[in-house]
Amino acid sequence: MAQERYNAPEREKHWQRIWEEQQTFLTSADRSRPKYYVLEMFPYPSGRIHVGHVRNYTMGDVVARYKRARGFNVLHPFGWDAFGLPAENAAIQKNVNPREWTYDNIEAMRTQLKRIGLSLDWTREFATCDPDYYHQQQRIFQAFHKKGLVYRKKSKVNWDPVDHTVLANEQVIDGRGWRSGALVEQKELAQWFFKITHYADDLLDGLDTLDKWPDKVRLMQRNWIGKSQGLLMRFNLSGEKVPADFGSVQVFTTRPDTIFGASFIGISPEHPLAKELAKTDAKLAEFIEDCRRIGTAQEDIDRAEKKGYDTGIVAAHPFRSTTKLPVYVANFILMDYGTGAIFGCPAHDQRDLDFARKYKLKVKAVVIPEGTDPAEFKVGDEAYTGPGLLQNSSFLNGLTVEAAKEEVAERLAKRSMGEKKTSFRLRDWGVSRQRYWGCPIPVIHCEKCGVVPVPDEDLPVRLPDDVSFDKPGNPLDHHPTWKHVTCPTCGGKATRETDTFDTFVDSSWYFARFTAPHAAEPVESAEADYWLPVDQYIGGVEHAILHLLYARFFTRAMRDCGYLGLAEPFNALFTQGMVLHETYFDDKQNWLAPDEVTIETENGVRKAFRLEGAREPVSIGSIEKMSKSKKNTIDPDLFTQHYGADVARWFVLSDSPPERDVVWTEEGVQGAWRFTQRVWRLLNEAEPRLAPLDAKAPATFSAPAQALRRAAHKGLAAVAEEIEGLRFNRAIAAVYEFANALQAALQDKATAGDESFGFALREASVFFMHMINPIMPHLAEEGYSLLGYNTLLANEPWPEVERSLLVDDTVTIAVQVNGKRRDEIVVPRNADRADLEAAALRLESVTRAVDGRPIKKVIVVPERIVNVVA
RNA sequence: GCGGGCGUGGCGAAAUGGUAGCCGCAAGGGACUUAAAAUCCCUCGGCCGUAAGGCCAUGCCGGUUCGAGUCCGGCCGCCCGCACCA
């Protein structure tokens with residue numbers, strides 16, 4: 001064929017210009033069509049897009065383009081999660097202004113993203129650091145405050161004494177600040193909290209309605225909320241050492257039924273009683289200090305041995321006055337959960353058992369599995385936590401675990417020694433950050449009036465631009481003038497709150513703001529009511545808990561403040577996999593980037609060589625998540641300039657299911673690139689043979705024409721179905737399958753001069769462009785234009801398939817003998833059971849396999865299988 | 001430790017309880033070419049067999065079923081999440 005190669009980079013620019021000129025992807029105000037809101041999690045503007053972005057945004061774009069073609073009114077917006085630490089780090093390291101740095105990054109990334117050809121409505125773009133956005137966020141805070149959903153309390157933070165800054169858990173490495181290396185201190189600071197626990201039950205119950213979320217994510221949220229029903233029990237204390245005001249200790253338990261198996265009381269090292277005792281007990285103080293040194297990291301706690309300190313105090317058993325329980329301070333009891341105190345029942349709790357064995361405490365089994373002889377039942381190294389009947393338990397003997405729980409609760413309640421209590425693991429959301437680059441918390445601290453919200457007319461509280469990062473600590477705090485204000489209530493001297501919001505606050509309502517991004521209110525009811533919820537939300541599974549839980553909380557809180565009319569923001573959630581790449585390193589353990597090496601295959605073994613210099617051999621490492629530190633990244637921008645966006649879009653969705661990780665390989669890219677060229681070639685071969693644009697459908701189709709039509713209609717239907725299910729890899733397989741059929745049809749000499757084939761070929765070619773359009777929109781427009789159309793494919797509706805062409809007249813079904821496949825037969829689709837049975841029994845292969853045995857029965861499943869049982 | 005998921009060709013993968021391996025990648029052979037690239041055609045799970053055909057095969061062992069990659073039970077291995085949560 002004489003046609004030129006498809007010049008993707010050049011043609012892609014062309015079509016992107018046309019789309020932009022014609023405002024093709026502007027959100028329509030048309031309310032007559034059903035709406036569809038597709039959203040991908042917005043990115044942090046780091047400065048460069050990476051391949052993971054390409055995959056994430058392409059997935060959303062495929063859905064958006066497909067739904068548009070299906071007649072939906074689509075909202076597909078984009079924005080920037082633009083507050084956060086990296087901007088401050090850049091300010092410190094490169095002496096740039098965080099605001100300028102951020103907006104420069106946004107500018108650069110927007111340019112890169114536009115080269116991907118995403119069908120976004122860019123008129124709705126905003127960044128969370130836009131004063132307009134954080135202005136509205138401050139107003140939401142005031143509304144939450146008024147509603148009682150916000151409060152201030154003292155809370156522990158990781159404090160870096162050198163940098164004068166609060167550190168996130170991940171910034172504390174081996175107990176030291178990641179930048180300063182200073183030993184991190186635990187410090188109490190007054191912090192702002194959102195009362196997410198107010199919605200704990202609702203957030204939990206709501207999960208049941210989210211049937212289009214991955215079960216995994218729902219389970220993670222359920223565990224995070226961690227609801228448990230239990231009992232608060234009071235134990236009276238006695239002993240010389242009992243401090244004043246500590247006559248009793250409150251314990252939370254989910255196993256009150258095991259009370260007769262109790263052998264000790266355990267309290268957290270941070271429990272008030274422990275702290276009080278430590279004042280006069282130096283050894284205890286030392287023990288508590290030791291516990292603190294274990295740290296808060298999961299790994300450390302896991303590795304730590306269970307340890308306790310006997311306080312010498314004893315607690316009275318509530319039902320058996322002769323039993324006294326020693327009170328231990330124990331390192332495995334968390335102050336944050338329940339009451340920070342437990343009663344230990346070693347036989348039925350593994351941790352208690354480990355503890356009891358170490359300190360030689362009594363282990364008494366009080367629950368035994370039904371049907372087991374109590375005399376035989378022994379607790380060894382494993383606690384028994386299953387169901388069973390109570391024994392050795394006075395009035396509880398013979399009861400089930402459930403009944404015993406009730407009985408204990410009732411008896412204690414009568415004596416005011418216990419009450420039922422539901423506990424949640426979920427804690428209120430601390431939103432204060434001692435940082436500059438975030439949304440200012442709009443309150444003023446006045447010596448006379450206390451905490452005063454900034455009045456609405458004074459909002460927004462803007463971040464000052466003239467900040468200095470010369471000194472350690474929060475620039476807002478040591479800005480010469482910014483924090484000094486007069487109190488809005490009394491007019492006296494006052495200071496601004498210098499904390500800013502956790503950036504998770506910014507991302508907790510942006511999806512709502514997109515429905516009316518320029519409104520003078522946080523949201524515009526009519527718009528929000530029309531567009532919300534998001535119909536399809538797409539993003540990384542790393543946000544499975546925090547971001548998604550906070551957004552669900554915000555939606556409820558905003559509903560209760562009158563902003564929104566719903567509880568659940570995201571109807572369907574999809575979590576996509578990461579993009580991985582092989583790694584390379586030299587003998588000095590220096591990582592090498594993919595474009596610094598060349599791969600050659602010698603005797604079937606892949607070997608890597610350094611491209612520059614002496615071509616020294618280098619090692620091929622494992623396949624890992626693309627990261628700057630391992631240098632195994634691919635720059636989508638460079639890639640797009642060379643191969644085009646369509647190749648990148650096609651490749652990241654091919655091969656692997658979208659929820660799974662995909663490995664970026666040069667071979668895979670080549671395959672995608674070859675396919676774009678093949679599409680172009682096929683179209684150019686087809687074009688001269690197409691029926692004219694205005695040709696009427698012929699009355700009858702030749703066999704090859706009919707076969708092509710079947711392939712086209714089946715292909716189109718398959719692509720539609722797979723995109724609906726977000727199975728993009730399978731959509732791509734269906735396109736390949738159709739392309740193979742089209743190619744075979746074009747090579748078929750019998751079609752020369754066949755008019756009905758020309759018609760079928762036009763139809764098939766048009767369908768072909770529709771099939772690839774969601775994934776390779778530029779090539780699809782180019783091809784559509786080649787076929788003689790002067791409208792944009794992006795505006796064309798998805799063609800209707802003829803259902804009759806989706807089913808074949810004949811089917812091939814397998815014939816089994818005793819469940820083993822022996823043959824296959826081609827039969828009319830509607831052949832009845834008797835015909836199928838007869839056809840199968842006629843087969844020589846069946847006779848041979850039956851080998852003279854009597855036939856017991858024949859299983860016939862029309863259109864599926866015949867199984868002869870002999 | 002607890003919870004969840006996954007184990008299928010050389011690789012990524014596909015398969016409403018009904019012909020295991022669609023599609024792609026890699027590999028091998030051939031055509032075209034002065035040559036290469038590109039493209040096109042063929043082969044491609046393993047074993048036995050000249051062939052026809054047969055046997056084995058979805059991590060391992062068992063079960064249910066006419067029929068199991070798929071359902072159930074028990075192991076083994078890998079991955080992910082987490083909360084020592086009373």
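Each chain gets a letter, A, B and so on, in the order the sequences are listed, and its residues count up from 1.
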Ignoring backbone atoms, establish whether K714(A) has a side-chain N or O less than 4.0 Å from OP1 or OP2 of rC22(B). no
Of rC85(B), rU19(B), rC41(B), the nucleotide closest to the side chain of Q743(A) is rC41(B)
Can you tell me how far P in rG49(B) sits from the matching atom in rA35(B), rounded to whole Å? 40 Å
Picking from rC41(B), rG12(B), rC22(B), which would you name as closest to the side chain of S656(A)? rG12(B)
Closest to the A733(A) side chain: rA26(B), rC22(B), rA83(B)? rC22(B)
Rounded distance in Å between the P positions of rG7(B) and rU70(B): 11 Å
Starting at the 5' end of RNA chain B and moving along, which residue's nearest nucleotide shows up first, G819(A) or W224(A)? G819(A)
Within the structure, does a side-chain N or O atom of Q747(A) lie under 4.0 Å from either OP1 or OP2 of rC41(B)? yes
Earlier contact from the 5' end, RNA chain B, for W673(A) and N818(A): W673(A)
Nucleotide nearest R425(A) (side chain, heavy atoms from C-beta), chosen from rC85(B), rA20(B), rG53(B): rC85(B)
Distance below 4.0 Å between R674(A) side-chain N/O and rG24(B) OP1 or OP2: no
Taking the side chain of L219(A) as its heavy atoms from C-beta onward, which of rG18(B), rG4(B), rC85(B) lies nearest to it? rG4(B)
When the C1' atoms of rG5(B) and rU64(B) are compared, how many Å lie between them, rounded to an integer? 25 Å
side-chain N/O R822(A) vs rG54(B) OP1/OP2, d < 4.0 Å: yes
Phosphate OP1/OP2 of rG81(B) contacted by N223(A) side-chain N/O (<4.0 Å): no
Scan every strand shown for a Watson-Crick or G-U wobble partner of rC75(B), both distances under 3.5 Å, and answer none if you come up empty. rG59(B)
Within residues 861-870 of chain A, those residues having any heavy atom closer than 4.0 Å to RNA chain B are V861(A), R864(A), I865(A), N867(A), V869(A)
Using Watson-Crick or G-U wobble geometry with both distances under 3.5 Å, which nucleotide pairs with rA35(B)? none
Less than 4.0 Å between a side-chain N and a carboxylate O, is that true for D208(A) and R222(A)? yes
